[in-house]
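Residue numbers begin at 1 in each chain, while the letters A, B, ... track the order of the sequences. The basis for the numbers below is simple: all heavy atoms, side chains too, and nothing from hydrogens, waters or symmetry mates. Note that the structure is predicted; figures quoted are calculated from it, not measured.
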Amino acid sequence: MQPILETDKLTIAFGGHKPVNEVSLKIMPNTFTSIIGPNGAGKTTLFNLLSGQLKPTSGRVLMKGKEITHLSPAKRTRLGMGRSFQITNVFPSLTVQENVRLAVQAQAGVYYNLFATPKKHAHFEKRAQELLETVLLGQKGDSLAKNLAHGEKRKLEIAMLLALETEVLLLDEPTAGMSLEEVPSILEVIRQIKNQGNRTILLIEHKMDMVLSFSERLMVLFNGKLLAEDTPENIMRSELVQKAYLGGLYDDAS
Amino acid sequence: MKTNWLVSSRLWMGMAAILLIGFPFVSDSRSALILLTQIFIYAVFAMSYDILLGYTGIISFGHAMFFGIGAYTTAIFLHRWDHTMLAFLVSLLVVLVLTGIVSYLIGVMTLRLKSHFYAMLTLAVAGLFLVLAEKWRDLTKGSDGFTFYIPDVLKDRTTLYFASFFFMIIMFFLLKRFTDSPTGKVLQAIRENEQRTESLGYQILHYKIIASVVAGLAAGMSGSMYAITLRFVNTAVFGTNVTLDALLMTIVGGVGTLFGSIVGSALILLVHAGLTDLAKIHWIFERWMIFFGALYILAVMFFPQGVVGMLRQWKEKWKRA
Ligand SMILES: Nc1ncnc2c1ncn2[C@@H]1O[C@H](COP(=O)(O)OP(=O)(O)OP(=O)(O)O)[C@@H](O)[C@H]1O
Ligand SMILES: [Mg+2]
């Protein structure tokens with residue numbers, strides 16, 4: 001089978017520093033892969049390269065066998081790759097509803113409609129509301145995004161990603177900053193998407209229990225290098241990984 | 001949510017509209033009529049600027065060029081061809097084509113770059129049009145400009161007043177429809193967070209160009225109407241002051257609200273008229289740029305959301321109380 005996502009010696013250099021260094025990986029369709037690694041290992045940077053926020057210094061990114069290294073983020077989203085951001089990245093002065101609505105509208109392919117009245121697209125609002133309920137923000141639709149608590153912004157971020165209904169989902173620490181009571185319900189949302197079985201999910205996460213229970217594959221990133229790629233059981237057993245990552249270096253706080 | 005007639009902005013707008021429609025029948029002040037006519041036309045110009053600044057977050061230093069293209073095109077058509085309604089309507093069509101082309105080209109050239117390129121290029125191109133209007137003497141009579149006749153039906157000051165009033169109302173609703181449309185929503189998303197908008201799959205450049213063209217078209221139309229009310233045109237319509245007026249009007253009235261541009265236009269032109277009157281008492285009032293500068297600073301410092309933005313905030317508080 002052809003990998004849905006593939007990188008070939010993907011590298012980015014900021015000056016002499018290479019946060020992502022010759023990373024070659026293959027992601028199979030409808031799999032759940034987690035990426036772990038200490039702070040600063042280059043996980044977010046790898047996502048930025050996959051989704052097009054950053055352009056690599058060298059190497060290639062392929063989606064369904066087609067090279068996308070030079071496509072803009074917008075084009076990659078249209079091809080079916082959506083992502084959420086570790087640092088909350090929403091539209092602050094728009095309402096929570098409008099934030100999700102924009103994602104719903106993009107998914108519907110309504111890009112250049114200059115004169116339709118809001119009524120004509122009432123179903124966008126309805127869909128946005130459903131998604132908000134999924135992430136437990138049903139009551140917050142009319143608040144401005146900037147007035148949300150940190151954890152709520154994280155949920156909004158997930159709702160926007162879900163709205164895109166992309167085949168590939170890149171989740172960058174979706175539960176970071178949420179209160180402990182909220183985490184299980186968001187995990188449940190992720191589990192549901194996984195169980196539908198028609199999405200390819202890449203997850204960056206520090207919470208080990210979460211990673212282990214969800215993932216079919218685990219990747220370990222360390223100093224910009226792909227250190228290991230295997231099933232969770234094998235990774236946990238691997239001496240190299242134990243030494244480099246799971247040993248003293250792992251920062252449990254974050 | 002409690003609805004209260006006191007805070008219903010629709011009601012207030014309706015009342016204002018009735019007052020304005022009734023005005024010519026109760027007042028015989030010619031200068032007041034002319035001032036209001038100017039307010040309506042400048043309101044459209046300011047609204048067009050608001051599409052750029054308030055909705056999309058693009059700064060232009062040369063928006064006057066579209067105003068000037070509109071004013072000169074209409075003036076030249078009426079002067080050269082005939083002072084009939086037909087000539088006027090054809091000139092409006094030509095204005096739409098010209099401003100459409102110019103705003104599109106400037107957008108394509110600069111909007112993919114960092115935002116200050118648009119500001120600088122618009123400034124430069126507006127300067128070019130100013131020079132063109134000065135040097136192409138055959139057509140424009142140089143910096144002195146020229147007077148011309150307008151279609152007979154528009155000659156009456158009251159008719160012109162109503163024409164401008166309905167021009168403003170129609171433009172307000174058209175632009176409102178635009179900003180409420182799916183595309184209009186994307187513009188606001190771009191203003192809020194460009195990179196995030198792109199990652200949702202929207203191609204930013206296309207939207208910025210759409211904003212540039214819509215703003216250019218609306219500004220061009222307001223320029224045409226402006227020339228009609230003056231029956232005169234000169235190179236001042238391309239001046240940086242015209243752009244600064246629009247900037248001031250949208251900021252004082254409230255960016256990103258459209259309606260704020262109408263309020264801003266009224267405030268600025270009324271203050272302007274008031275200062276001109278005071279200039280008879282002391283020369284300092286003639287330097288109205290000083291006052292506008294001060295007003296601008298005060299507005300940005302104390303109510304950056306403008307009059308309409310502030311009213312909306314009070315309304316929200318009132319509703320919650
Ligand atoms: N735009 C940039 N310019 C310069 N350096 C950068 C840039 N982006 C990332 N880096 C550097 O790349 C390294 C990897 O950062 P990255 O954010 O990818 O780490 P991470 O694995 O996501 O860490 P965390 O677990 O803390 O989120 C860091 O040293 C960071 O300073
Ligand atoms: Mg990170």
Atom [atom1] in [X], atom [atom2] in [Y]: separation rounded to 0.5 Å?
X        : Y        : atom1 : atom2 : answer
B/Tyr202 : A/Leu102 : OH    : CG    : 5.0 Å
A/Met81  : B/Ser199 : CE    : OG    : 11.0 Å
A/Leu94  : B/Gln188 : CG    : CD    : 6.5 Å
B/Glu198 : A/Ser72  : CD    : OG    : 5.0 Å

Mark yes when over 12 heavy atoms from residues, nucleotides or ligands other than [X] sit less than 6.0 Å from its [atom1]; otherwise mark no.
X        : atom1 : answer
A/Lys55  : NZ    : yes
A/Met28  : CE    : yes
A/Lys153 : NZ    : yes
B/Phe61  : CZ    : no
B/Phe172 : CZ    : yes
B/Ile209 : CD1   : yes
A/Lys26  : NZ    : no
B/Phe173 : CZ    : no

Which atoms of [X] approach chain B - backbone, side chain, both or neither, heavy atom under 4.5 Å:
X        : value
A/Arg83  : backbone
A/Ser51  : neither
A/Gln107 : neither

### A/Ala74 versus B/Gln203, closest heavy-atom pair with distance
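Closest approach of A/Ala74 to B/Gln203, heavy atoms only: CB-CG, 4.0 Å.
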### Task
Applying side-chain contact (heavy atoms from CB on, under 4.5 Å) between A/Phe91 and each of B/Arg191, B/Glu192, B/Lys185, report the one that passes.
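With A/Phe91 as partner, B/Arg191, B/Glu192, B/Lys185 yield a single side-chain contact (heavy atoms from CB on, under 4.5 Å), made by B/Glu192.
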### Query
Are the side chain of A/Gln105 and the backbone of B/Pro182 linked by a donor-acceptor contact shorter than 3.5 Å?
yes
Compare all side-chain heavy atoms of [X] with those of [Y] and state whether any distance is below 4.5 angstrom.
X        : Y        : value
B/Arg196 : A/Glu157 : yes
A/Phe85  : B/Gln195 : yes
B/Leu200 : A/Leu164 : yes

### Message
Tell me which of these, B/Thr179, B/Asp180, B/Thr183, B/Ile210, has more heavy-atom pairs under 4.5 Å with chain A than the rest.
### Response
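Top option by heavy-atom pairs under 4.5 Å: B/Thr183.
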